[in-house]
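What follows is a short report on a single structure.
No experiment lies behind these values; they were computed from the predicted model shown.
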Amino acid sequence: MKKRELLNVALYLFAFLTIQAITVAAAMLISQSSGMTASITTLASSIITIALFYKLRWTPCSGAYINTRPWFTMFWVVCLTIGTIAPLAYLTELLGVTLPDTYNEMFKGIMQHKLGFITIGIIAPIAEEYVFRGAILRVLCDITGKHRQWVAIVLSAALFATVHGNMAQGIGAFLCGLLLGWMYVRTGSIVPGVVYHWVNNSTAVLLYRLMPQSADMQFADFFGGDMKRVALAIVFSLMIFGASMFQLNLRLQKPQQ
C-alpha cells in the first residue's frame with residue numbers, strides 16, 4: 001500500500017511539473033513579451049492544474065470546513081502571514097541568497113502585467129495548495145500515520161521548496177511550507193493555506209505596484225538603512241507571528257463529521 005501511495009505522490013508531482021513545462025513552451029510560441037509570456041504561462045498552468053486535480057479527484061473537495069464559518073480563524077491566518085513576511089525576507093538576506101536575474105525579471109514582468117494580481121495573488125495559490133497540501137501532503141500523511149505527521153509536513157515542505165527552482169525562494173517556501181502543512185493537518189482543508197498564500201503573494205504584487213524599485217531593494221533599504229528600525233520591524237513582526245500562532249493553535253481544528 002505504501003509503495004502505491006508513494007507512486008501517487010510521484011504522479012502528482014510529475015503532473016504538476018509537466019503542466020508547467022508544456023504551458024511554458026506554448027506561451028513562448030505565442031508571445032515574445034516576457035511579461036505577457038510569464039503571466040500567460042503561470043495563469044494557464046495554474047488553471048489546468050486545478051482542473052486536472054479536481055477532475056481526477058486527486059485533491060478531495062468538500063465544503064465541510066467552510067461550513068464551520070471560520071472567519072475569525074482566517075483573520076489570524078492573515079495576521080500570521082503578515083508576521084512572517086519581514087522575518088523571512090530578512091533571513092534570506094542574512095544568508096546572502098539572492099534571486100537569480102532570470103527569475104527576478106520574470107516576476108517583475110508578471111507583477112506589472114494587468115493579470116499579475118489574479119495570476120500570482122489568487123489562481124497560483126489555489127493551484128499550489130491543491131497540489132502540495134491537498135494531494136501530496138494528504139497522501140504523505142496516510143503513509144506516515146497520525147503520530148508521525150510532522151515527517152509528512154517536512155517532506156511536503158521540502159518538495160514545495162525544491163520546485164521553486166532557486167535557493168532564494170526555496171528557503172522561504174520551505175519555512176512557509178511547514179506552516180501551510182501544519183494548518184492543513186490541523187483542519188483537513190486547504191482553505192487556511194490558500195488564504196496565507198493569497199496574502200503573501202498579493203503583498204508582493206501590491207508592494208511592487210506601489211514601489212517598482214522594491215524588486216531590487218535590500219530589506220534595510222525600506223527603512224533608510226537604519227538597523228534600529230529594521231530590528232524593531234523584525235521584533236514587531238515576530239510579536240504578530242507569536243500571537244497568531246497562539247490563537248491558531250487554539251482555533252484550527254477539523255470539522256466534526
Side-chain angles (χ1 to χ4, degrees), residues 1-23 42 44-68 70 73-74 77 80-81 122-165 169-198 200-201 248-249 251-257:
M1 178 63 74
K2 288 186 177 181
K3 182 178 180 180
R4 180 180 178 182
E5 290 169 333
L6 285 173
L7 288 174
N8 284 338
V9 171
L11 173 63
Y12 301 153
L13 193 60
F14 175 77
F16 175 75
L17 295 175
T18 300
I19 290 170
Q20 286 194 316
I22 292 174
T23 50
T42 306
S45 64
S46 296
I47 291 174
I48 294 170
T49 297
I50 294 169
L52 179 67
F53 277 67
Y54 177 80
K55 181 67 175 178
L56 297 181
R57 297 183 180 180
W58 289 348
T59 300
C61 294
S62 169
Y65 185 71
I66 288 295
N67 290 338
T68 66
T73 300
M74 293 305 102
V77 172
L80 179 71
T81 315
I122 300 176
I123 306 301
I126 295 175
E128 291 182 353
E129 291 309 305
Y130 252 70
V131 176
F132 290 95
R133 259 59 65 177
I136 291 177
L137 178 55
R138 175 180 58 80
V139 174
L140 287 175
C141 283
D142 290 339
I143 295 173
T144 60
K146 184 177 181 180
H147 299 293
R148 300 189 68 188
Q149 290 180 330
W150 63 271
V151 176
I153 292 173
V154 171
L155 289 174
S156 65
L159 290 173
F160 184 53
T162 302
V163 299
H164 280 76
Q169 283 184 289
I171 293 171
F174 176 74
L175 295 175
C176 287
L178 296 177
L179 291 174
L180 294 166
W182 172 69
M183 290 190 288
Y184 176 80
V185 167
R186 289 292 295 270
T187 63
S189 172
I190 66 171
V191 171
V194 170
V195 172
Y196 182 105
H197 229 131
W198 164 66
N200 184 74
N201 291 14
L248 289 173
N249 188 51
R251 296 174 181 278
L252 290 176
Q253 56 184 344
K254 292 183 180 181
Q256 297 295 322
Q257 300 297 325

Quiz item: Mind checking whether T73 and Y65 have side chains closer than 4.5 Å, heavy atoms only?
Solution: yes
Self-check item: Gap separating the CE atom of M74 from the CD1 atom of I66, nearest 0.5 angstrom
Solution: 7.0 Å
Quiz item: Looking only at heavy atoms, what is the nearest atom pair of A161 and G170, with distance?
Solution: CB-O, 3.2 Å
Quiz item: Is the distance between the ring centroids of Y130 and F53 under 6.0 Å?
Solution: no
Exercise. Check for a donor-acceptor pair, side chain of N200 on one end and backbone N or O of Y196 on the other, with a separation under 3.5 Å.
Key: no
Exercise. Considering non-hydrogen atoms only, spot the tightest contact between E129 and L180 and give its length.
Key: OE2-CD1, 3.6 Å
Exercise. Please check if the side chain of R138 supplies one atom and the backbone of T59 the other of a donor-acceptor pair under 3.5 Å.
Key: no
Quiz item: Between atom OG1 of T144 and atom NZ of K2, what is the distance when rounded to the nearest 0.5 Å?
Solution: 8.0 Å
Practice problem: Of all the heavy-atom pairs spanning L178 and I153, show the shortest one and how long it is. | Solution: O-CG2, 3.7 Å
Self-check item: A127 to I50 - nearest heavy-atom pair and separation
Solution: CA-CG1, 3.7 Å
Quiz item: Heavy-atom distance under 4.5 Å between the side chains of T81 and W198, does that happen here?
Solution: no
Practice problem: To the nearest 0.5 Å, tell me how far T42 OG1 sits from I123 CD1. | Solution: 11.5 Å
Self-check item: Separation of T49 OG1 from Q20 CD (nearest 0.5 Å)
Solution: 7.0 Å
Exercise. Drop me the distance from I143's CD1 to E5's CD, to the nearest 0.5 angstrom.
Key: 5.0 Å
Quiz item: If we only count heavy atoms from C-beta on, is the V77 to V191 side-chain gap below 4.5 Å?
Solution: no
Quiz item: So does W58 have more than 12 non-hydrogen atoms from other groups sitting under 6.0 Å from CH2?
Solution: yes
Self-check item: Heavy-atom closest contact (K254 atom, V185 atom, distance)
Solution: CE-O, 3.2 Å
Self-check item: Matching residue for H197 among F132, Y184, F160 - test: ring pair (Phe, Tyr, Trp, His ring centres under 6.0 Å)
Solution: F160
Self-check item: Straight-line distance of W150 CH2 to L155 CG, nearest 0.5 Å
Solution: 9.0 Å
Quiz prompt | For C141 against A152, the heavy-atom pair lying closest together | solution = N-CB, 3.7 Å
Exercise. Compare all side-chain heavy atoms of L52 with those of F16 and state whether any distance is below 4.5 angstrom.
Key: no
Self-check item: pair L6-K3: side-chain heavy atoms closer than 4.5 Å
Solution: no
